[in-house]
2 protein chains.
Amino acid sequence: MEIAEVLRKNGYKVTPQRLAVYEAINHNPTHPNAEAIYKILQPNYPSMSLATVYKTMEIFAKIGVVQVLQCAEDAHRYDYNTTPHAHIRCEKCNRVIDIDMDQEGLRQQAAEQSGFVVNGVSISFVGICPECREKS
Amino acid sequence: MEIAEVLRKNGYKVTPQRLAVYEAINHNPTHPNAEAIYKILQPNYPSMSLATVYKTMEIFAKIGVVQVLQCAEDAHRYDYNTTPHAHIRCEKCNRVIDIDMDQEGLRQQAAEQSGFVVNGVSISFVGICPECREKS
DNA sequence: TTATTTGCAAAGAATTTGCAGCAGT
DNA sequence: ACTGCTGCAAATTCTTTGCAAATAA
């Protein structure tokens, strides 16, 4: 389904800014934060504001177009891959990559132990990536 | 081992403020954030500043006296229980409770898939606690 | 037309820092 | 005495918000 269609279906208008933000993050494996998305857009959309990026990402997160990562040490990062998976961040270079991991079992375990209704899971690792390890 | 001893062993001085902060968090199951710790201390230590709480917690985290949780939506929260375990936060009342969970297998899985050296794991869930569920 | 959205600038929340005086070792 | 610590206020960082002008439906 096209992003324009998804926006319309959810009652949001289709604007050049939203399409541009979507282009910047779709299949972007670097898990950018708002600032990074803003910088990607600067050359082609110099009038786009950081506030618009934040507002757009909030909408995208709400309608399930992106996933918000809590693993970053600093700011939120966004992932166009919305299937359940974990992340690992390199403590040296801060890159974030995806880890495939079944979360169903963990979810059940959490529900049983706590008595909570579990609505979300976030699994994140930190470590040193192969490239940074080589350098030192 | 006494907190005073741990501080000294790590080259930090033992001060009334640090002891007070330790008292406030030790066996405190509420996973307080810096602001909450500050408020706990106010009645007995009115001169203690929020900045000191932050500085102290940073040291405590570094020397392994507490664990920093990334699961809170807003601010960092601290846990005196430094053994590996997960957390679940209630989306309504924001309470955070512990979940026992073996993380060794997940760690290995992450290491294998990514090639990273894994230094840390953080597993957090969100959901609705039994009390809040009852209310609605 | 009309409700949304944009972009600016300003506010806000959480956290960190500089520094002068104070205190543990 | 020496070095590190405290507490204040100010700075920083990330994010949100109010509002007038612009724009999609």
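Numbers restart at 1 for each chain; the letters A, B, ... are given by sequence-line order, proteins then strands. Below, all heavy atoms of this structure are taken into account, side chains as well, without hydrogens, waters or symmetry copies.
Applying the salt bridge (Lys or Arg N to Asp or Glu O under 4.0 Å) test to K9(A) and every residue at least two apart in sequence or in another chain returns E5(A). For E91(A), the side-chain hydrogen bond (donor to acceptor under 3.5 Å, both in side chains) test picks out N119(B), with sequence neighbours left out.
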Taking only N/O atoms, report every protein-nucleotides 22-25 of chain D pair under 3.5 Å with atom names and distance.
residue	atom	partner	partner atom	Å
dA24(D)	O3'	V14(A)	O	3.3
dA24(D)	N3	K13(A)	NZ	3.3
dA25(D)	OP1	V14(A)	N	3.2

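At distances below 3.5 Å, at least one donor-acceptor pair connects side-chain atoms of N28(A) with backbone N or O atoms of A24(A).
Atom pair M48(B):CE and dC22(C):C1' shows a separation of 15 Å (rounding to whole Å applied). To the nearest angstrom, P of dT17(C) lies 13 Å from CD1 of I59(B). For the pair R18(B) CZ and dT25(C) C1', the computed distance is 13 Å after rounding to whole Å. Note: CE (M57(B)) to P (dT16(C)) measures 12 Å, nearest angstrom. Computed from coordinates, the N10(B) CG to dC5(D) P distance equals 12 Å when rounded to whole Å. Here the P atom of nucleotide dT5(C) and the OH atom of Y45(A) are 18 Å apart, to the nearest Å.
Taken from OG in S114(A) to CZ in R89(B), the straight-line distance is 13.5 Å, to the nearest 0.5 Å. The CG atom of D98(A) lies 8.0 Å from the CG atom of L69(A); values are rounded to the nearest 0.5 Å. Between atom OH of residue Y78(A) and atom OG1 of residue T30(A) there is a gap of 13.0 Å, rounded to the nearest 0.5 Å.
The local environment of CD in E104(A) is crowded, with over 12 non-hydrogen atoms from other residues, nucleotides or ligands closer than 6.0 Å.
Inspection of the D79(B) and H31(B) side chains reveals an N or O donor paired with an N or O acceptor under 3.5 Å.
The bend of the helix from dT1(C)-dA25(D) to dT25(C)-dA1(D), defined by the angle between the axes of its first five and last five pairs, stands at 40° to the nearest 10°.
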Per-nucleotide protein contact string for nucleotides 12-18 of chain D (B base, S sugar-phosphate only, - none; heavy atom under 4.0 Å): --SBBBB
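Here S47(B) reaches the OP1 or OP2 of dG7(D): one of its side-chain N or O atoms lies under 4.0 Å away. Between T52(B) and dT6(D) there is no side-chain N or O to OP1 or OP2 distance below 4.0 Å. One finds a side-chain N or O of Q17(B) lying less than 4.0 angstrom from the OP1 or OP2 phosphate oxygen of dG7(D).
Under the 4.5 Å side-chain contact rule for hydrophobic residues, I59(A) and Y38(A) share a cluster. Residues V53(A) and Y80(A) fall into different hydrophobic clusters, defined by Ile, Leu, Val, Met, Phe, Trp and Tyr side chains chained together at heavy-atom separations under 4.5 Å.
Applying the ring-ring contact (aromatic ring centres under 6.0 Å, His included) rule to pairs touching residues 40-61 of chain A yields nothing, sequence neighbours excluded.
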